[in-house]
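All values below come from the heavy atoms of this structure, side chains included, with hydrogens, waters and symmetry mates left out.
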Amino acid sequence: MKTHAEVVIIGGGVIGASVLYHLTKRGWKDVVLVERDELTSGSSWHAAGGMHTINGDPNVSMLQKYTIDLYPEIEAASEQSVGLHMSGGYMLAGTPERLEWLKLAHARGRYLGLDTELVSAEEAHAHMPLLDPRHFVGALWNPSDGHVDPSGATHAYAAAARKQGAEIYRFTKVEALAPLAGGGWLVTTDKGEIRAEHVVNAGGLWAREVGRMVGLELPILAMEHMYLVTDDMPEVEAFNRETGREMLHVVDFEGEIYLRQEGRGMLMGTYEAACKPWSPVDTPWDFGHELLQPDLDRIAPSLEVGFQHFPAFQEAGIKRVINGPFCFAPDGNPLVGPVRGLPDFWCACAVMAGFSQGGGVGLALANWIVDGDPGFDIHAMDVARFGAWATPAYTDAKVRENYSRRFSIRFPNEELPAARPLRTTPVHDRLAGMGAVFGDAWGLEQPLWFAPPGVEDRFSFHRSTDFEHVGAECRAVRDGVGLAETSGFAVYDVTGPGAEAWLDRILASRLPREGRMGLAPMLNEAGKLIGDFTLANLGGGLWRLVGSGPAEEYHLRWFDRHLPADGSVVLAPLGAALTGLTIAGPKSRDVLAALVREDVSAEAFRFMDVRRMTLGAVPALVGRVSYTGGLGYEIWVTPDYHRPLLDLLLDAGEAHGIRPFGSRALNGLRVEKQYGSWARDYRPLYGPIEARLDRFVAYGKAADFIGKKAAIRERDSGGAVRLCFFSVDADDADAMGDEPIWRGGEVVGAITSGGYAHWSGVSVACGYVPKELAVEDDGWEIELLGDRRPARLQRLPLFDPNGAAMRG
Ligand SMILES: Cc1cc2nc3c(=O)[nH]c(=O)nc-3n(C[C@H](O)[C@H](O)[C@H](O)COP(=O)(O)OP(=O)(O)OC[C@H]3O[C@@H](n4cnc5c(N)ncnc54)[C@H](O)[C@@H]3O)c2cc1C
């Protein structure tokens with residue numbers, strides 16, 4: 001066994017083997033995989049091996065497509081079969097809502113390069129005779145559906161990696177991990193020690209235990225999962241004989257089941273509502289190639305529906321029932337990437353669909369280790385999307401919810417209830433009393449909108465019960481004054497003798513003068529956007545950064561990586577120690593003026609000024625900035641003043657008809673002003689020119705900011721795409737993100753976000769198109785729920801195009 005390696009991967013399931021293969025493919029040969037038993041001694045050996053490209057997140061879909069397309073390469077590289085069966089498959093819709101969901105998936109597939117097709121239930125029946133078409137209203141055909149032999153695929157990845165120089169130590173258990181003084185890790189196994197520059201946790205069922213070796217409690221829970229395999233079925237044999245083809249894959253959402261051919265019979269698996277975690281606290285180390293006791297009663301409700309929808313199963317004998325555990329993160333997506341505070345410790349765990357996603361996870365992680373960046377937007381899989389709030393109890397509740405809803409529709413306006421409310425601010429109950437309907441962002445309850453008594457969200461892909469009320473909130477902000485919570489932002493204080501120079505290097509913008517704020521994009525080395533902040537210079541060497549709440553861990557990880565080792569910069573996340581409210585609208589100045597002693601006239605307190613003020617008796621920091629795009633103020637206080645501040649603002653605002661508004665109204669207001677949104681319109685896929693944030697980039701500043709060279713190259717070349725806002729001739733559904741943009745009968749781009757601009761009465765969609773096309777006013781179509789709706793390029797914001805309201 002080696003005593004030193006560049007990378008040690010812990011775990012020889014499909015994920016560890018894929019990471020190993022991808023590292024060798026990137027030319028890293030000094031890499032080893034350590035497996036406590038035989039390869040595939042966790043979840044991988046008993047998987048059903050099914051593969052699909054459809055996923056709720058388009059970037060994950062792309063990685064799934066990459067995984068499936070990779071299998072022939074793995075076979076060639078290893079000279080071993082992965083048991084690839086590309087049968088193609090149907091996703092079946094049993095309700096009109098599910099058909100709409102399939103239309104959305106199909107539309108998204110167009111720009112992802114997926115070759116899907118919508119068909120009638122009868123047509124699906126013609127190609128998959130086991131289904132009874134009377135139970136369905138339509139289907140989505142996907143030629144990329146199929147299955148592999150799970151063990152064969154894992155061994156083929158491993159063999160291909162070995163051929164390229166990797167080493168694999170089987171029957172070798174990692175027992176401890178300790179950081180080395182000069183960087184890297186001491187990996188202690190039961191067969192000896194290895195000094196590694198990088199360690200990858202691909203421990204699958206034991207990923208939690210491997211995490212605990214470095215003091216990390218990962219949000220992972222294993223669930224029991226069952227599928228059954230039938231005896232040979234005459235219908236299957238007849239179909240194979242007559243067509244020369246295998247039975248197609250099927251996902252039946254209403255039955256919560258999936259099917260595929262296995263031998264001359266069928267395999268049927270379920271994601272049952274009455275789901276059951278396995279080993280919720282510790283995974284026993286002596287668990288190996290074992291199965292769990294089947295519990296057919298638990299899956300009986302799904303099987304009953306399945307037997308109705310696929311009547312041939314009623315006569316089929318059951319050959320065996322498999323019950324095995326596998327791991328999930330709270331939202332069902334993998335946990336991939338480096339962990340803040342643990343340099344060179346990497347996660348590749350909680351992969352619940354290892355045979356659809358394993359290749360993509362391996363590629364992303366290998367890129368990340370080799371290049372310092374995954375190379376594409378993997379936010380939906382990034383381990384940094386969870387923070388300390390994702391405790392074991394939270395994880396338990398969310399994983400159960402996710403498992404039992406795996407085949408349920410999640411409507412765009414649907415908030416899931418498990419593990420809520422978790423984090424609340426001091427004004428939570430007050431806002432609830434005013435009718436707030438809450439959603440959670442990063443575990444924090446935030447008002448979405450304010451509902452009159454008796455009105456609640458009706459979940460839908462269309463405009464719904466909230467539409468007119470959100471409209472009233474928007475109009476209140478545009479015509480009078482609105483009040484909203486801002487505690488969901490992530491706020492960081494930066495101090496120390498090196499603070500100014502460090503900010504100048506980490507941010508692409510110019511730094512504001514004392515008492516001023518500035519918009520500050522942050523770029524990675526490739527010149528792509530990894531953050532957009534408001535930076536305030538509070539004087540006395542104190543700088544305050546305000547950024548996206550859900551990106552807090554992601555940004556902290558980046559900051560940590562770039563902080564000078566000499567302690568000359570201190571970065572403190574304020575977390576829940578700072579809360580805020582905002583008032584916005586033409587009357588907001590009158591409300592503020594009634595509460596403070598200083599002059600807050602347009603001349604004395606200008607756009608982007610920031611000052612400490614006392615509102616009534618409440619000490620606060622007030623910034624003249626608003627994401628609504630008009631006149632407005634953000635008011636920051638410590639939590640003990642949050643409620644008094646709310647009272648003050650509501651009292652002073654009463655004379656002006658102040659009205660609370662939520663994040664849905666804010667979305668309608670910001671699209672009206674053409675403000676992009678982090679993680680939707682601004683992502684690490686795009687540079688500042690492409691995202692139209694170049695006016696905030698100080699290309700000429702003396703500081704050599706991260707990404708400067710790449711940003712200058714992008715500026716000189718003009719980049720490839722442009723963020724464009726469109727007004728859409730919508731019917732009763734607005735763009736929400738991921739819809740295709742059509743031009744001249746072709747899909748030329750994708751929508752990143754959208755909404756209804758209530759004050760202007762315009763449905764707005766925004767997304768990226770090739771830069772050459774970004775000058776065309778007409779001839780656009782945006783596909784909404786399968787309908788190609790005419791759209792027009794909106795060159796200027798619908799509201800306040802010259803900034804007079806904002807600056808005045
Ligand atoms: C019944 C069932 C059906 C499934 N069907 C499908 C399907 O149809 N399609 C699909 O894509 N997925 C399916 N899955 C899920 C799939 O099995 C998992 O996504 C996949 O196996 C995860 O692989 P992994 O490498 O992350 O983890 P694992 O397979 O659990 O591998 C982890 C490995 O790490 C080793 N290890 C852990 N700790 C240490 C240590 N300290 N030292 C050394 N070695 C260690 C373990 O021994 C193990 O071999 C199914 C799962 C089950 C249970």
Side-chain angles (χ1 to χ4, degrees), residues 48-58 60-65 67-68 85-147 225 227 245-261 266-272 302 305-306 308-310 313 332-333 352-353 355-357 402-412 461 738-740 783 785-786:
M51 313 176 304
H52 308 275
T53 47
I54 302 290
N55 184 283
D57 182 277
V60 178
S61 273
M62 299 278 269
L63 290 187
Q64 295 187 180
K65 181 165 165 36
T67 302
I68 295 169
H85 294 251
M86 293 306 298
S87 56
Y90 286 121
M91 288 187 158
L92 298 172
T95 62
E97 289 78 19
R98 176 56 72 179
L99 193 57
E100 290 197 321
W101 188 90
L102 291 182
K103 285 180 185 170
L104 283 171
H106 174 55
R108 189 181 294 164
R110 289 191 211 273
Y111 75 82
L112 294 177
L114 308 182
D115 207 8
T116 56
E117 197 185 325
L118 284 164
V119 301
S120 67
E122 286 68 30
E123 191 175 342
H125 175 245
H127 295 100
M128 206 311 175
L130 297 187
L131 69 84
D132 180 348
R134 290 173 305 171
H135 297 291
F136 303 104
V137 295
L140 184 71
W141 160 248
N142 189 347
S144 299
D145 284 0
H147 60 275
H225 182 69
Y227 63 82
R245 284 191 288 108
E246 207 175 348
M247 275 289 175
L248 305 183
H249 269 238
V250 168
V251 173
D252 171 5
F253 294 101
E254 273 58 53
E256 299 171 329
I257 52 178
Y258 58 88
L259 310 178
R260 70 164 172 82
Q261 185 167 341
M266 293 293 290
L267 179 156
M268 180 187 275
T270 72
Y271 281 89
E272 68 281 6
S302 297
V305 180
Q308 279 170 26
H309 290 184
F310 305 90
F313 275 83
N333 277 336
M352 60 81 50
F355 299 92
S356 295
Q357 299 176 336
N402 186 273
Y403 185 100
S404 62
R405 290 183 45 94
R406 172 139 172 81
F407 287 154
S408 307
I409 297 174
R410 174 151 186 201
F411 292 97
F461 292 110
D738 301 329
E739 297 87 352
E783 186 170 337
L785 298 176

Where does the angle between the aromatic ring planes of Tyr90 and His127 fall among parallel (under 30°), tilted (30 to 60°) and perpendicular (over 60°)? tilted
Where do Leu112 and Lys65 land on the side chain to side chain contact (heavy atoms under 4.5 Å, CB included) test, with the steps shown first? CA-CA 9 Å; Leu112 294 177; Lys65 181 165 165 36; over 6 Å; no
Hey, what's the ring geometry for Tyr403 with Tyr271, parallel, tilted or perpendicular (30° and 60° as the breaks)? tilted
One should read off an interatomic distance between Glu254 CD and Glu256 CD, to the nearest 0.5 angstrom, of 9.0 Å
Ring centres under 6.0 Å, that's the criterion: do Phe136 and His309 meet it? yes
Arg405 side chain vs Ile409 backbone, donor-acceptor pair below 3.5 Å: yes
Should Leu259 and Asp252 count as side-chain neighbours, where that means a heavy-atom distance under 4.5 Å? no
Donor-acceptor side-chain pairing of His106 and Thr116 below 3.5 angstrom: yes
Which heavy atom of Ser302 sits nearest a heavy atom of Gly255, and at what distance? CB-O, 3.4 Å
Heavy-atom side-chain proximity of Met91 to Asn142 below 4.5 angstrom: no
Side chains of Asp738 and Tyr111: does their closest heavy-atom pair fall under 4.5 Å? yes
Evaluate Leu63 against Gln357 for side chain to side chain contact (heavy atoms under 4.5 Å, CB included), listing each step before the verdict. CA-CA 6 Å; Leu63 290 187; Gln357 299 176 336; over 6 Å; no
Going from OG on Ser356 to NE2 on His52, what distance comes out if it is rounded to the nearest 0.5 angstrom? 6.0 Å
Stepwise side chain to side chain contact (heavy atoms under 4.5 Å, CB included) test for Arg406 and Met352: CA-CA 11 Å; Arg406 172 139 172 81; Met352 60 81 50; 3.5 Å; yes
From CG (Leu131) to CG (Leu92), nearest 0.5 Å: 5.5 Å
Rounded at 0.5 Å granularity, tell me how far OG in Ser144 sits from CE in Met86. 5.5 Å
Are any of the side-chain heavy atoms of Tyr258 and Asp145 separated by less than 4.5 Å? no
Are any non-hydrogen side-chain atoms of Trp141 and Leu248 less than 4.5 angstrom apart? yes
Determine whether a donor-acceptor pair (N or O, by modelled atom type, separation under 3.5 Å) exists between the side chain of Glu783 and the backbone of Glu739. no
More than 12 heavy atoms of other residues, nucleotides or ligands under 6.0 Å from CE of Met62: is that the case? no
Looking at side-chain heavy atoms only, is the closest gap between Arg260 and Met247 below 4.5 Å? no
Under 3.5 Å donor-acceptor, His85 side chain and Gly146 backbone: no
With a 4.5 Å cut-off on side-chain heavy atoms, are Met266 and Leu130 touching? yes
Ignoring hydrogens and angles, state whether a donor on the side chain of His135 or Gln308 is under 3.5 Å from an acceptor on the partner side chain. no
Separation of Leu99 CG from Phe253 CZ (nearest 0.5 Å): 11.0 Å
Let me confirm one number: the OG1-CZ distance from Thr53 to Arg108, rounded to the nearest 0.5 Å. 11.5 Å
Any heavy-atom pair between the side chains of Leu140 and Ile54 that's under 4.5 Å? yes
